[in-house]
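Note that the numbering runs from 1 along the sequence shown for the chain. Not measured: the values here are computed from a predicted model.
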Amino acid sequence: MQIGVLFVCLGNICRSPMAEAIFRNLVNERGIEERFIIDSAGTGDWHIGEGPHQGTVKKLAEHNISTQGMYSRELKRNDYDRFDYIVCMDESNIQNALPMLGQKDSLKVFRLLDLLDVPKDVPDPYFTGDFEETYQLCLKGCKALLQKIEEDNNMEH
Ligand code: 4NP
């Protein structure tokens, strides 16, 4: 059985595609990509079908991470059944996502940076303009997420 990891933000053009691409890169580096299904989605529908924001594309390119083939889509009800980890970027994403997933509360749905010593939201560079800050936090969070998933699923290091 593959492990499903879905990253969720508001527009699915800045933060969740960044986290998705970073997480996929970490998994590829470890050669364990066949164990995963990795995707991202937005709770808003404004950018459906668009590629990631230029700021996200540029920041990832600095780290030799491609966004080719990534397009914004809206979160849907059956994502709840398809994915084991539904990783939101901020608290409002959780509040928006839960009803779309048909849930009141769920241990599957949490914030990426809940895994750090000091839990917090991933700042939205669509509004802050600071894609470097968001990249660094997504990288930290994705490393912690992969470690948690390896522990949860008794994966060898
Ligand atoms: P994201 O950022 O949720 O990180 O993709 C946003 C992108 C677009 C909008 C808001 C946030 N928007 O209002 O269009």
Side-chain angles (χ1 to χ4, degrees), residues 3-27 36-63 65-67 69-152:
I3 299 162
V5 182
L6 180 68
F7 296 93
V8 176
C9 65
L10 180 57
N12 192 212
I13 55 169
C14 295
R15 293 165 295 173
S16 60
M18 189 180 280
E20 176 192 350
I22 290 170
F23 188 78
R24 182 176 294 113
N25 191 53
L26 291 174
V27 161
F36 287 90
I37 295 173
I38 303 166
D39 198 4
S40 65
T43 60
D45 61 5
W46 314 289
H47 300 285
I48 292 174
E50 293 177 21
H53 190 286
Q54 270 314 303
T56 286
V57 173
K58 194 161 155 266
K59 185 51 65 182
L60 289 169
E62 287 174 19
H63 299 275
I65 301 174
S66 168
T67 55
M70 294 176 68
Y71 300 99
S72 173
R73 73 164 176 92
E74 196 175 16
L75 186 69
K76 53 183 191 284
R77 169 66 185 83
N78 80 347
D79 285 326
Y80 191 76
D81 309 313
R82 288 179 60 218
F83 293 95
D84 304 294
Y85 298 87
I86 300 177
V87 187
C88 296
M89 296 299 120
D90 65 32
E91 185 57 37
S92 73
N93 301 150
I94 295 184
Q95 298 314 321
N96 293 329
L98 283 170
M100 294 175 80
L101 296 165
Q103 305 297 314
K104 283 217 171 69
D105 199 6
S106 169
L107 290 173
K108 269 200 222 183
V109 182
F110 58 92
R111 288 185 307 182
L112 179 63
L113 301 183
D114 281 341
L115 303 173
L116 303 187
D117 291 340
V118 182
K120 58 177 171 177
D121 290 341
V122 177
D124 191 344
Y126 190 78
F127 301 110
T128 68
D130 191 344
F131 285 84
E132 174 64 20
E133 173 190 43
T134 293
Y135 174 83
Q136 294 299 339
L137 287 169
C138 284
L139 180 60
K140 241 180 161 175
C142 282
K143 285 180 176 171
L145 177 64
L146 184 53
Q147 193 171 344
K148 171 186 163 53
I149 291 174
E150 287 176 336
E151 287 166 11
D152 286 354

**Prompt:** For the residue pair Y71 and G49, what are the closest heavy atoms and their distance?
**Reply:** CD2-O, 3.4 Å
**Item:** CD1-CG distance between I94 and D105, expressed to the nearest 0.5 angstrom
**Value:** 8.5 Å
**Item:** Close side-chain approach of Y126 and L10, heavy atoms under 4.5 Å
**Value:** no
**Request:** Enter the distance from K140:NZ to I22:CD1 here, rounded to the nearest 0.5 Å.
**Result:** 13.0 Å
**Request:** Quick one: do V87 and F110 satisfy side-chain contact (heavy atoms from CB on, under 4.5 Å)? Show the steps, please.
**Result:** CA-CA 5 Å; V87 187; F110 58 92; 3.9 Å; yes
**Message:** If I compare all heavy atoms of S66 with all of M70, which pair ends up nearest, and what's the gap?
**Reply:** O-SD, 4.4 Å
**Message:** If only side-chain N and O atoms count, and only distance matters, is there a donor-acceptor pair under 3.5 Å linking D90 with N93?
**Reply:** yes
**Message:** Within this structure, what is the SG-CG distance for the pair C88 and L75, rounded to the nearest 0.5 Å?
**Reply:** 8.0 Å
**Item:** Considering all heavy atoms, the nearest G141-L113 contact
**Value:** CA-CD2, 3.9 Å
**Item:** pair K76-R82: side-chain heavy atoms closer than 4.5 Å
**Value:** yes
**Message:** When you measure from the side chain of D39 to the backbone of L6, do you find a donor-acceptor pair of N or O atoms at a distance under 3.5 Å?
**Reply:** no
**Message:** Holding to salt bridge (Lys or Arg N to Asp or Glu O under 4.0 Å), I want the full list of residues that pass it with D114, two or more places apart in sequence or in another chain.
**Reply:** R111
**Asked** Got a donor-acceptor contact below 3.5 angstrom from the H63 side chain to the I65 backbone?
**Response** no
**Prompt:** Could you state the interatomic distance from CG (D121) to CG (L112), rounded to the nearest 0.5 Å?
**Reply:** 11.0 Å
**Prompt:** Are any of the side-chain heavy atoms of L26 and L145 separated by less than 4.5 Å?
**Reply:** no
**Prompt:** Hey, is the main chain of G42 close enough, under 3.5 Å, to the side chain of S16 for a donor-acceptor pair?
**Reply:** no
**Worked check of side-chain contact (heavy atoms from CB on, under 4.5 Å) between N12 and H47** = CA-CA 7 Å; N12 192 212; H47 300 285; over 6 Å; no
**Message:** Please find the pair of heavy atoms, one from P52 and one from T67, that lie closest to each other, and give the distance.
**Reply:** CG-CB, 3.9 Å
**Among C9, C14, P123, side-chain contact (heavy atoms from CB on, under 4.5 Å) partner for M89** = C9
**Message:** Using side-chain heavy atoms (C-beta onward) and a distance below 4.5 Å, is E74 in contact with M100?
**Reply:** yes
**Message:** side-chain contact (heavy atoms from CB on, under 4.5 Å) for R77 and Q103? Distances and angles first, verdict last.
**Reply:** CA-CA 9 Å; R77 169 66 185 83; Q103 305 297 314; 4.3 Å; yes
**Request:** Answer yes or no for K108 and Y80: cation-pi contact, defined as NZ/CZ to six-membered ring centre under 6.0 Å and angle to ring axis within 45°.
**Result:** yes
**Prompt:** Shortest non-hydrogen contact from M18 to C138?
**Reply:** SD-SG, 4.4 Å
**Request:** Answer yes or no: is there a side-chain heavy-atom contact under 4.5 Å between S72 and W46?
**Result:** no
**Asked** Mind checking whether P125 and Y135 have side chains closer than 4.5 Å, heavy atoms only?
**Response** no
**Request:** Could you grab the distance from atom CD1 of I3 to atom CD of E150, nearest 0.5 Å is fine?
**Result:** 9.0 Å
**Asked** Between CG of D81 and CG of L101, what distance do you get to the nearest 0.5 Å?
**Response** 9.0 Å
**Message:** Test side-chain contact (heavy atoms from CB on, under 4.5 Å) on D124 and T128; report intermediate values, then the result.
**Reply:** CA-CA 6 Å; D124 191 344; T128 68; 5.6 Å; no
**Message:** Between the side chains of E62 and K59, is the shortest nitrogen-to-carboxylate-oxygen separation below 4.0 Å, so that they form an ion pair?
**Reply:** yes
**Asked** Taking V5 as the fixed residue, which of I149, I86, L146, V27 is the one that meets the side-chain contact (heavy atoms from CB on, under 4.5 Å) rule?
**Response** I149
**Prompt:** Hey, does D79 have a side-chain heavy atom less than 4.5 Å from the side chain of R73?
**Reply:** yes
**Item:** Residue pair I13 / T56, side-chain heavy-atom distance below 4.5 Å
**Value:** no
**Request:** Look at the rings of F23 and F36 and say which category their plane angle falls in: under 30° parallel, 30 to 60° tilted, over 60° perpendicular.
**Result:** perpendicular
